Amino acid sequence: MTRYLISNWKMNGDRASAAAYVAALSEKLATVPKGLKMVFCPPVGLLESVRQSTPPGSRITLGAQDCHHATHGAFTGEISAAMLKDLGVTYVILGHSERRAMGETDEMVFAKAGAALNAGLTPILCVGEQRAAYDAGKTFETVGKQVELLKSLKSGDYLIAYEPVWAIGSSQTPQMAEISAAHQYIKTVLGSRVPVLYGGSVNVGNIGEILALREVSGALIGGASLENEQMAAMIDIASKK
Ligand code: PGA
């Protein structure tokens, strides 16, 4: 089974740190079984320099953190999926909770997913409940609404990242049984072939336990993905799961 490690740098890093990162992690990835895939999602302004500094034969795949739903036009500050493709990008994170917090809706995420697929990108679609919904036992209900539109997409064309909003950058995670259940629920709704990744305070200490869960196909890692050594250690752990 393919396992995915998505490194989401958010708005962090520069050309030098990203170049050192891809050099170190390409070396690390060369030592682990092929079933492990690493997708590096730096800020959009670093994509070109990352592509250029990635050593030939590297197993690191390039990802972006967002795209616009339109192919081109008067959208100041935005970037289209085709432009990302042209930059050598393969994956794109869509609907991250930090973007939903800026007003992105399920409909917008769905439109972006269509644009990404049309351009030949693989969307990594983020879903997850707020703390209040978790506390109220409404995780499935919330996630169910978020994935409703995605039912029309072909399974196998995209990945889901289940990221409880309250777990992101908080050092808190759900119980392992809750992670399992949420992943199972998403697979029941969207199909068992859809890879579902977990995200939210994944680190060297908990990634082994999380990836040991049968329903979990990988991890989307924010803060802990920024450091070369931590990411290398997580690659090691993930390669043994
Ligand atoms: P975190 O971020 O690992 O820092 O919690 C995860 C994410 O936002 O995707």
Side-chain angles (χ1 to χ4, degrees), residues 3-13 17-18 21 25 36-44 46-47 60-67 89-104 106 109 112-113 116 121-131 133-134 139 142-143 146-147 150 158-176 178-179 182-183 186 195-211 213 216-238 241:
R3 292 217 174 262
Y4 299 87
L5 291 186
I6 317 293
S7 156
N8 177 16
W9 268 22
K10 310 192 182 187
M11 198 171 72
N12 293 291
S17 57
Y21 190 73
L25 297 177
L36 186 69
K37 278 197 180 207
M38 177 178 161
V39 181
F40 178 32
C41 307
V44 69
L46 296 182
L47 285 168
I60 296 181
T61 311
L62 208 47
Q65 300 174 12
D66 183 37
C67 71
V89 165
T90 307
Y91 291 86
V92 60
I93 297 171
L94 295 174
H96 192 284
S97 70
E98 288 152 17
R99 299 209 56 85
R100 290 179 186 262
M102 291 186 276
E104 207 160 288
D106 294 331
V109 175
K112 288 178 177 205
L121 301 179
T122 301
I124 302 165
L125 300 159
C126 301
V127 297
E129 79 287 359
Q130 302 277 350
R131 180 87 218 187
Y134 172 78
T139 297
T142 308
V143 171
Q146 291 171 327
V147 300
L150 309 180
Y158 64 96
L159 314 178
I160 294 285
Y162 168 62
E163 301 201 294
V165 179
W166 53 272
I168 295 174
S170 66
S171 306
Q172 294 173 22
T173 59
Q175 305 290 323
M176 293 302 135
E178 292 172 326
I179 294 178
H183 283 234
I186 293 167
V196 185
L197 284 48
Y198 172 79
S201 294
V202 174
N203 58 41
V204 176
N206 61 20
I207 192 168
E209 201 181 355
I210 292 168
L211 295 184
L213 301 171
V216 178
S217 292
L220 199 164
I221 312 158
S225 78
L226 289 168
E227 301 291 334
N228 299 7
E229 291 75 23
Q230 284 193 53
M231 195 63 204
M234 289 189 280
I235 289 171
D236 259 337
I237 298 168
K241 291 293 155 195

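None of the values given here were measured: they were computed from a predicted structure. When a ligand or atom number is given, it counts from 1 through the structure's own listing order.
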What is the distance from atom CD1 of Ile221 to atom CG of Leu5, rounded to the nearest 0.5 Å? 5.0 Å
Nitrogen or oxygen of Ile221 less than 3.5 angstrom from that of ligand 1: no
Using a 3.5 Å cut-off on N or O atoms only, is Leu220 in polar contact with ligand 1? no
Please list, in number order, the atoms of ligand 1 under 4.0 Å from a heavy atom of Gly200. 5 (O)
Would you call the rings of Phe40 and Trp9 parallel, tilted or perpendicular if under 30° counts as parallel and over 60° as perpendicular? perpendicular
Answer with yes or no whether the side chains of Tyr21 and Ser7 bring together a donor and an acceptor at under 3.5 Å. yes
Quick one: does Ser201 get an N or O within less than 3.5 Å of an N or O on ligand 1? yes
Atom 2 (O) of ligand 1 - nearest protein heavy atom and its distance: Lys10 NZ, 3.2 Å
Are more than 12 heavy atoms from other residues, nucleotides or ligands located less than 6.0 Å from atom CD of Gln130? no
If hydrogens are left out, which of Glu163, His96, Glu98 has an atom nearest to atom 8 (O) of ligand 1, that is, the closest non-hydrogen atom? His96
Are there more than 12 heavy atoms of other residues, nucleotides or ligands under 6.0 Å from atom CD of Glu178? yes
Who's the nearest protein heavy-atom neighbour of atom 3 (O) of ligand 1, and how far? Gly222 N, 2.8 Å
Please examine the side chains of Ser217 and Leu197, heavy atoms only from C-beta on, and report whether any two atoms are closer than 4.5 Å. yes
State whether the shortest distance between N or O atoms of Gly223 and N or O atoms of ligand 1 falls below 3.5 angstrom. yes
